[in-house]
Amino acid sequence: MKLSLCCISNTLHNQNIKFKMMRVTNFLKLPRDQAINILTDRIIQNFITLKKTIEYCENNKFHGYRITSDLLPVINHPSILIKFEDLPRQNDLSFVINECKQLINKSTLRFSSHPSEFISLTSLNKDIISNSIRDLQTHGFIFDLLGLPNNYMAPLNIHVRKDGDPESISRVVINNINKCPGNVKNRLVLENNDNKNGTWSVKKLITYIHTRTGIPITFDNLHHEMLPDNLNEQQAFEAAYCTWPVEPIFHYSEGINGSRKHADFATKLPISYMPVTWEVELKQKDLAIQKMYAMRN
DNA sequence: ACCAGTCAAGGAAGC
DNA sequence: GCTTCCTTGACTGGT
């Protein structure tokens, strides 16, 4: 059983090793130079936290790590728009990023990222699409900087969020995916979703998008439970599995009382019908993973 | 030192 | 057609 940590280690968090944020309103309140300096300090801190979190995963024999999308707060916001290379202290940034890169280079972990829920490749509004693609590009850029594979070994996983006619929505999605640069497109994968009466089950993603593009489909057990679309768990798992040219990264979580609110800990273990790495979306994070590894024994 | 309120985003759902 | 909620963890500002 291979398990992967999502973004944050609660253990490190309790030691005050945290990812730093910055809010748009706060940034805009300050003189731009001062705001950029504060932001840069926080970004450098974030790469140090990233390094410590990866080390923690290694030391605890985890099998993967989902890199947080909050490494570079607010830089892509339409009213801020800073290019990474325009940040000050480039030497300091290069230094911490290189440390992460070296660590990743000798690591056996699978790395991934799950860009924000608010990224939309389905919108008919051009600004929303260009904002979304810019955000994805930043993810691709960071993955490149960290020396991560430019392929599905290091996937960028997003949802198709809009419900409705799968034929017309899929056409919009595919068209917009094709606008993404190679370092995004080569890594982009799509995950099943679970809105009430929702559209994007594993089956629909495969039928309307995978078969036309080859884009791999991420299986999420909880989303599948909420929207099975006439496939049982094994069928959905195997159908999604077959869409990946490399070993898949799937998502495992449990809801509280049949809801989609994530539970603290697992009560059972995911069934790997075929070998996969499971990203564990449980609130107790690394503690939940450790408990799952202990349950196996 | 601590706590409650706030915040970024697009879409869904409720009225 | 408008408002509220969803989600997340850290920041902010008041005490």
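All values below were derived from every heavy atom in this structure, side-chain atoms included, with hydrogens, water molecules and symmetry-related copies excluded. In the text below, chain A, chain B and the rest are named by the order of the sequence lines, each starting its count at 1.
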**Prompt:** How far apart are the closest heavy atoms of A:Leu145 and A:Phe84, and which atoms are they?
**Reply:** CD1-CE2, 3.9 Å
**Ring-ring centroid check A:His251 A:His224, cutoff 6.0 Å** = no
**Request:** Would you kindly give the CG-to-C1' distance between A:Asp70 and B:dA8, to the nearest whole Å?
**Result:** 10 Å
**Heavy-atom side-chain contact between A:Met22 and A:Leu30 under 4.5 Å** = yes
**Prompt:** Rounded to the Å, how far apart are A:Asn193 CG and B:dA13 C1'?
**Reply:** 15 Å
**Asked** Can you list the steps and then say if A:Ser69 with A:Phe19 is a side chain to side chain contact (heavy atoms under 4.5 Å, CB included)?
**Response** CA-CA 10 Å; A:Ser69 294; A:Phe19 291 102; over 6 Å; no
**Heavy-atom side-chain proximity of A:Met274 to A:Phe237 below 4.5 angstrom** = yes
**Prompt:** Can you name the nearest heavy-atom pair linking A:Leu156 to A:Leu136, along with the distance?
**Reply:** CD1-O, 4.3 Å
**Message:** Can you tell me if A:Thr25 touches the phosphate of B:dA8, counting only side-chain N or O atoms and a distance under 4.0 Å to OP1 or OP2?
**Reply:** yes
**Request:** Quickly work out the A:His159 NE2 to C:dT8 C1' distance and round it to whole Å.
**Result:** 14 Å
**Asked** Contact class for A:Ser132 (heavy atom, under 4.0 Å): base, sugar-phosphate, or nothing?
**Response** nothing
**Message:** I want to verify a distance call: between C:dG9, B:dA12, B:dG10, whose nearest atom is closest to the A:His13 side chain?
**Reply:** C:dG9
**Asked** Hey, is the side chain of A:Ser116 poking within less than 4.0 Å of OP1 or OP2 on B:dA8, counting only N and O atoms?
**Response** no
**A:Thr243 and A:Pro216, any side-chain heavy atoms less than 4.5 Å apart** = yes
**Request:** Would you classify A:Ile119 as touching base, sugar-phosphate or nothing, given that sugar-phosphate means primed atoms plus P, OP1 and OP2, and contacts are heavy atoms under 4.0 Å?
**Result:** nothing
**Message:** Between A:Arg66 and A:Glu281 (salt bridge meaning N to carboxylate O under 4.0 Å), is one present in this structure?
**Reply:** yes
**Asked** Over how many whole Å does the gap from A:Lys283 atom NZ to C:dT7 atom C1' extend?
**Response** 11 Å
**Message:** Between A:Met292 and A:Arg296, is there a side-chain heavy-atom distance shorter than 4.5 Å?
**Reply:** no
**Carboxylate-amine/guanidinium proximity below 4.0 Å for A:Glu167 and A:Arg212** = yes
**Request:** Round to the nearest Å and state the distance from A:His114 atom NE2 to C:dG9 atom C1'.
**Result:** 16 Å
**Message:** Need one value for A:Asn125: base, sugar-phosphate or nothing, where a base atom within 4.0 Å counts as base even if backbone is also close, heavy atoms only.
**Reply:** nothing
**Asked** What is the distance, rounded to the nearest whole Å, between atom CG of A:Asp194 and atom C1' of B:dA12?
**Response** 12 Å
**Request:** Indicate yes or no: does A:Asp70 engage A:Arg42 in a salt bridge with an N to O separation below 4.0 Å.
**Result:** no
**Message:** Below 4.0 angstrom, which residues in residues 171-180 of chain A have at least one non-hydrogen atom near DNA chain C?
**Reply:** none
**Prompt:** Do A:Leu12 and A:Thr49 come within less than 4.5 Å of each other through their side chains, counting heavy atoms only?
**Reply:** no
What are the atom names and distances for every N/O pair under 3.5 Å that joins the protein to nucleotides 11-15 of chain C?
from   : atom 1 : to      : atom 2 : distance (Å)
C:dC11 : OP1    : A:Met21 : N      : 3.3
C:dT12 : OP1    : A:Asn26 : OD1    : 2.2
C:dT12 : OP1    : A:Asn26 : ND2    : 3.1
C:dG13 : OP1    : A:Lys29 : NZ     : 2.8

**Prompt:** What dot-bracket string describes DNA chain B from 5' to 3', counting Watson-Crick and G-U wobble pairs whose defining distances are under 3.5 Å, with [ ] for crossing pairs and | for pairs to another strand?
**Reply:** |||||||||||||||
**Request:** Check every strand shown and say whether A:Ser120 touches a base, only sugar-phosphate, or nothing at a heavy-atom separation below 4.0 Å.
**Result:** sugar-phosphate
**Prompt:** How long is the line joining NE2 of A:His262 and C1' of C:dT7, in whole Å?
**Reply:** 10 Å
**Message:** What is the distance, to the nearest angstrom, from the CH2 atom on A:Trp200 to the C1' atom on B:dG11?
**Reply:** 15 Å
